[in-house]
Structures are given as C-alpha cells and as structure tokens.
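One structure is given below, encoded as structure tokens.
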Amino acid sequence: MELYKDKTADADARAEDLLSRMSIEEKAAQMLQVSYNTLSPEDYEKYQRLGVGAFLHVLGSDADKIREKASKTRLKIPPIFGIDAIHGHALRNGATVFPSQLAMSCSFDRDLIRGVGRVTAREVCADGLDWTFSPVLCIARDLRWGRVDETFGEDPYLCGELGRSITEGYEEDGYIISCAKHYIAYGEATGGRDAYDSPVTERKIREVFLPPFEKAVRAGCSSVMTAYGSVDASPLTANRRILREILKDELGFRGFVVTDWENVRSLVTNQHFTDNLCGATKAAVEAGNDMSMNTHEFYECLLSLVKNKKIHTSLIDDAVRRILRVKFRLGLFDGKERPDKKVIGCAEHKKINLETARESIVLLKNNGVLPLGEDVKTIAVTGPNADDIRAQYGDWTFFSHPEPKDDAQPQGEYHTVLDGVREVFKDRRVIYEKGCDIFGAENDIKKAVKAAKKADAVICVVGDSTAQNGEYRDRADITLSGFQLELIKKLRETGRKLIAVLVNCKPLCISFLKDNCDAVIETFNGGDFGGLAAAELIAGKYNPSGKLSVSFPELSAQTPCYYNSYDGWHGGRYVDTKGGNTFDFGDGLSYTKYVYSNLRLSQNVISVDGFTDVSVDVTNAGERDGKETVMMFVNDVISSVLTPRMELKNFKKIFIKSGDTKTVTFRLSADELSIVTPSLEYVVEKGDFEIMVGGNTKEYLKDILTVK
Ligand code: BGC
C-alpha cells in the first residue's frame, strides 16, 4: 500500500526543490535527532539555531515552542518529533495505555490492532508529535531477553501480520509515521542478553527475521530503526549489506533509517569498530543510516567528512531527501492540522482499549471453576500485582520514560485487578490482602491465608515487575520471584477455589500453577483496563478468545522453546523436565467448545506458481457464542534445508454463534512454501506439504498438498 498517494509526487518534487537550496550545514542538521529532555540549555539553543531535523521525547506544549523557533531558521524546515508510543501514547500521562504488544498479539486480531494504531496516531498527533518508534518487529524466542513484552510474540508470520496491521493503523490517516524496529534480529542475541551479538547468518535472517520488516515496508512504514547489536559479529549500524542493500535496494524502502539511541557512538565505545566518532559517522552513513539518534558529534563529523572529501555528498543528499520527503508527506511544512487534544484518553478510545484488553487475555486453565457462580459470596483478592497499576502497564509508560517517575499518579481511568473485581462483583464481599511483594524477604502470607479462609474463592495475582524487564534487564531465572510461589502454595492448602491471574511482561515458569490452581489466566501487561477485563472474564461477562503468541517453558533453562523449531535427532527433550512446555503457542480456552471438520483443499496438487484454497468448517458446539482463531500450519515434508516441524501460514479470528458452523477458507499460494537456500535463493521445492488446520499447535486436521 502506498500511503498518502495523492501527496507523494508532490512531496518528492518539493523535497527535491528544497534539497537543491540547502547548504551542507543545513543538510547535516536534518540528519541529527536530539533527545529533548537530556539537552543542556546551551545545547538546546545550539541545536535550535542549527535547525536540527528531529527531536525525541518532547511532551506537552514544548513541541510548539520548538516548532516556532524552527520557523525562524533560514529555510524554516520543521523538525519531526518522535516518541515511544509503543502501546498507546503512554509516555504522556492521561493518554490511552493499551495492553503491551505481547498482550495484544494474543488477540490474533488484525483489525483490532489496526484500530490500536489509529487511536495511538490520533493521540500522538493531537499532542503535537509526529512519529512513533513502533512497531517492534523483533521475534521473542529467547525468553530471558528483557524486551519480550515489546514484541508480537515468537512467530514470524504473526509478528509480520500484526506489524503490518498496526503500521497501517498508525499511518493511514496521515497523522503520524511509524518506525519498524529494531532492524534486525535484535531479540536473538546470545543468551537473551540485550543488545549483544546475534549469531545468525543472512540465510537465517531471511527465513525468520526479515519477513515482518518486509511486510511493514510494503504496508507503507515511513521509518526503520537500526538495532543496537550486531549480527554474526558485524555491527548493524555499520552493516551496509543489511541496511542499504537489503532494506533500501532490495525491498525498495523509500522512508528513512534512524539509528537507535547513540548507535553511532557505540561503534566506538561498545563495539570497538573504530576508534573515532568521525569514522563511526562515515561508516553509519555509508551503511545506510539517514538519521543519527542522539550522538551529537555526528553533526560536526559529517561536516568535517565533507570538508575533507571523505564521504560522497550523494549519500548525504539521499538521506536528507528521504527525511524531507516524509516531512512533506506528513504535512509538516503546511501547518499540519492536528486533532483536538480532547481526543487524548477520550471515551471512544477507552472503549477500544477495553475491547483490546478483553481480546488479549488468555484463559490457560479452567477446571470448571469459571465463571464464578452465585455460590461464591466472598472473594479474597491477593498477590503482589493485584493492585499495582505500574506492573499492569509494563514498560514504556510515563512511570519509566523519558525518565523514571516512580511516584507518578495516573491521570487517566484505569482498573487494577482489585478495582475490576470490586466493580464487577459489586454484589459480593471482596476482601484484599496483598500477601507478598514481587521481591523481598518480608511477606504477609499469613494474612492472605486468613483472608482466603474467610472467602469462597481466591484470586491471586502474581507475575513480575518492570524492574525485571526492559532494556538491560534480562533474566537468567524466569520463575516467580520472591515469595509468590509460597503464597500460591499456602493458598492452595486452604482448599478454596483458587484462580491465578498473571500480570507479567513475559512467559514465566508456572507449571505449579497449572497443576494446582483451578484456573489460570494470563493477562501479560493489560494496560488501563487489563484488571477490569480479567474480572469480567472471571465473572463470565464475556467469552475469552485470546491465545498465546509465545510458549511457556517448564524451567528457565528450556528457553528458547518456540513451537516452530526444527526436528532434532533425539526429540529435543531434557532428562530433568517433564518434557515439552507448560503452555504452547496457540493455547487458550474459551467458555464454549469448537469442533473442526471437513478440511478440504480446492486442489491437492499445484504447480510451483499455483495456489490452493484450504477450507475447514468450525462448529461452535457449546452453549455460548464466541470467537475462535483458526490457524493454518504447514510442514514441508522433505526439504533441502531443515524446515520447522510446523509453521503458521495464516490465521483468522471469527465469531460463531452457539450451535452455528462457519467455513473458513485460506488461500495458500506455492510461493508461501518457499525455503531460503544456503545460497540465499528463495525456492519452492517440489514435493509434499502437510497442511494442518486447527485452533492450536496440538489439535488439528491434516491433509497433504503436493507441489509438482
Ligand atoms: C530503545 C528504542 C527506543 C529509543 C528511543 C532506545 O533505548 O532501544 O526502542 O525507541 O531508545 O527512546
């Protein structure tokens, strides 16, 4: 999709004209982005005077002041303002805080996520800003990594589809631009260590990590952020092959590439690629970075490189052209119209947010205890995350960025699980005892047990905290920290109905909960309404439909444990585990039952450029209406390189009334079955492919497609 089609030609011509009138100093300034809240007053004056191209983390009315000053520079080029609005415009207190990307990926709902993008774009634009550093298209395969919460889960197809949807949502109304990040293979770093080397080859990049970025580029994504790390020991910031040749030349990306925070400096300080900043600047620009985030010396270095004829000015022109083109397309030169600030956190957005929270929650276990019946007169709510909005929000909100504000008070409406239970179960008695913290040696488990004994059902909300997640916060141990497991064990001993609710940034080892609680509900970071949606689920106010986008290992050391792995010789089991995961990608229950039947292919034999339509009937055989995500997986039976034992190729979420049957049809073309060969060719190899269609990775119908 080419966005702002009508404005594109115009933007190109206007960018070209402006470029021809710019001095080298003005061009270099366009290529620098500075972080507003870390600038000294002197630097602020300096960069305003130079007409710096971009700012980040500007909030409130400051953007207007900066714009006003920029309009006094010789060519009046407006700066572009970037912000990490990665699950709503959440760095702005009072704006809509959506569930984290990981949480919302469990909805498997493209339209819903496109809507999240549209709402976020409206709020960011209304706030005077132009650019969100989202979506995160990293793949969450090593669960030790601190940024799993920012991803759409472990599956490249799902990440790509949801990445495309949110990109369209961000950009389609012309309010803001998106930024696909972190390019590339960032989450695959050795040991799950944030921003380390990812030991992957270009073949692996093309098989797993590139497809989501390709989809975002095709969806009209206007910027891409270079990852911090390196791939196969080659720093991404200086990686011409990855940035210029693959992204720009091969995929035809026409937007601009921005580095991540201080990447240019890191070529000197962390990656020891060169011993001086001008060398780093030269390498970064030659590789294909168009804008440097916050390495201020980049500006002076560019000028010196040009003066000493050490860089081709055509590269600078190309970078500035890309930046200007986006600014023209966004309407920044034409006094951009922005929505009224009243849209920030407005009622319509809250409604979409509550819907998103409901669709994102995953019911992992239910032995029949849910929905809670009328016999439950008293409910005890316990656990460290039962009433902690910060844990419920997760990372990248006003609590954590641009700088930590631990005592911030949320200005918008929100519901923790405790708030939600109090609201939804107004007619019952609700008692609350926290029991223990996420960390710490002290605990109040006895008080929680006492409360549980007074109740008919116990809701225990456990999980993790933002101190255990985020950049440079990787975990070697992803079990429940502190006294949380002890709390669950003691509550179990009371014999009361026990419902575990998880408020956490990433999968944790929860096999004890699976084996011992009556119900287990995964909310991840549910945003403003995560707690309300969890309480509504417990009360049966809606029928849950979320499914896991990421697998849960039994023990920490089992990570990575993603479903779409290759078959090994010996089954891939560890002798000291039960075998397999505690929960798998695709798991998720509902209050009804879906029966799959009649899998059929319009053609069982196709040519290498053909296609088949894969259809299945899905019956809602239970008593409640509901939504089911139908998934189609493929296994390439014989292939010249290893291929995953099953790989998601399509999915669709459908609403089925109780008793009804719906038919879902997926078109599958042969080129979707291609492999990447060791010589980096995309080839559809003739032979048989198992086509599996079902609601998860374990229960499905199967047929064979032959490519001839
Ligand atoms: C993160 C990016 C983010 C940038 C700007 C970096 O530390 O890696 O994801 O967009 O900061 O805040």
Side-chain angles (χ1 to χ4, degrees), residues 32-39 53-59 79-92 100-102 120 124 129-140 145-152 159 163 166-167 170 176-189 192-196 198 212-213 216 221-230 235-237 255-267 269-271 289-296 298 394-405 466 469-474 505:
L32 181 63
Q33 177 171 48
V34 293
S35 158
Y36 181 59
N37 62 314
T38 58
L39 280 182
F55 285 83
L56 74 149
H57 294 167
V58 179
L59 285 160
I80 185 165
F81 294 91
I83 193 97
D84 288 279
I86 76 166
H87 53 123
H89 182 28
L91 268 53
R92 155 77 138 92
S100 65
Q101 250 193 232
L102 184 66
T120 304
V124 168
L129 311 177
D130 315 303
W131 176 18
T132 176
F133 301 129
S134 172
V136 173
L137 299 180
C138 307
I139 316 272
W145 182 41
R147 303 185 75 173
V148 167
D149 58 312
E150 296 182 43
T151 73
F152 282 127
C159 290
I166 204 161
T167 299
Y170 285 141
I176 63 166
I177 61 160
S178 60
C179 182
K181 72 185 188 184
H182 309 81
Y183 184 73
I184 199 167
Y186 179 33
E188 199 72 356
R193 297 184 183 97
D194 190 39
Y196 269 55
S198 298
F213 284 93
C221 164
S222 294
S223 71
V224 168
M225 187 185 292
T226 312
Y228 281 139
S230 47
L236 283 157
T237 315
F256 67 89
V257 175
V258 62
T259 72
D260 200 344
W261 182 273
E262 302 257 12
N263 275 20
V264 174
R265 186 182 312 286
S266 282
L267 282 175
T269 54
N270 293 318
Q271 294 173 316
N289 295 282
D290 303 306
M291 185 182 279
S292 165
M293 187 192 286
N294 221 40
T295 303
H296 296 176
F298 177 85
D395 205 4
W396 294 104
T397 69
F398 52 87
F399 279 117
S400 54
H401 294 84
E403 65 273 328
K405 275 190 214 82
T466 48
N469 292 279
E471 276 182 70
Y472 51 84
R473 293 196 203 96
D474 313 311
C505 296

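All ligand and atom numbering here is 1-based and tracks the order in the structure. The shown structure was predicted, so the numbers you read here are calculated from the model rather than taken from an experiment. Sequential numbering from 1 along the given sequence is applied to the chain's residues.
Asp149 and Gln101 share no donor-acceptor pair across their side chains, judged by distance under 3.5 Å alone. For Thr226 and Asn289, the side-chain atoms include at least one donor-acceptor pair closer than 3.5 Å.
Nearest to atom 11 (O) of ligand 1 among the protein's heavy atoms is Asp260 OD1, 3.5 Å. Protein heavy atom closest to atom 5 (C) of ligand 1, with residue, atom name and distance, is Asp84 OD2, 3.2 Å.
Taking every non-hydrogen atom of Lys181 and a distance limit under 4.0 Å, the qualifying atoms of ligand 1 come out as 2 (C), 3 (C), 9 (O), 10 (O). Which parts of ligand 1 touch Phe133 is read off a 4.0 Å heavy-atom cut-off, strictly below it: atoms 10 (O). Interface atoms of ligand 1 facing Arg147, defined by a heavy-atom separation under 4.0 Å, are 1 (C), 2 (C), 8 (O), 9 (O). Atoms of ligand 1 lying under 4.0 Å from any heavy atom of His57, numbered from 1 in the order shown and given with element: 12 (O).
Taking 4.5 Å as the limit, every side-chain heavy atom of Ser178 sits out of range of all side-chain heavy atoms of Ser134.
Looking at Glu471 against ligand 1, only its side chain comes within 4.0 Å, counting heavy atoms. Using a 4.0 Å cut-off between heavy atoms, Gln33 makes no contact with ligand 1 at all. The side chain of Leu56, and not its backbone, has at least one atom closer than 4.0 Å to an atom of ligand 1 (non-hydrogen atoms only; side chain from C-beta on).
Contact between Leu91 and His401 at its shortest, heavy atoms only, is CG-O, 3.7 Å. The heavy-atom pair separating Trp131 from Val124 by the smallest distance is N-CG1, 4.4 Å.
When only interatomic distances are considered, the shortest N/O to N/O separation between Tyr228 and ligand 1 falls below 3.5 Å. When only interatomic distances are considered, the shortest N/O to N/O separation between Glu150 and ligand 1 does not fall below 3.5 Å. Polar contact with ligand 1: absent for Trp396 (N/O pair, distance under 3.5 Å).
Judged purely by atom type and a 3.5 angstrom limit, Lys405 has no side-chain atom pairing as donor or acceptor with the backbone of Ser400. For the pair Gln33 (side chain) and Phe55 (backbone), a donor-acceptor distance under 3.5 Å is present.
A side chain to side chain donor-acceptor pair (under 3.5 Å) with Tyr228 holds for exactly one of Glu262, Glu471, Gln271, His182; it is Glu471.
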Candidate pair His296 and Val34, rule side-chain contact (heavy atoms from CB on, under 4.5 Å), full reasoning: CA-CA 7 Å; His296 296 176; Val34 293; 3.6 Å; yes

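The shell of residues lying under 4.0 angstrom from ligand 1, judged by heavy atoms, includes His182.
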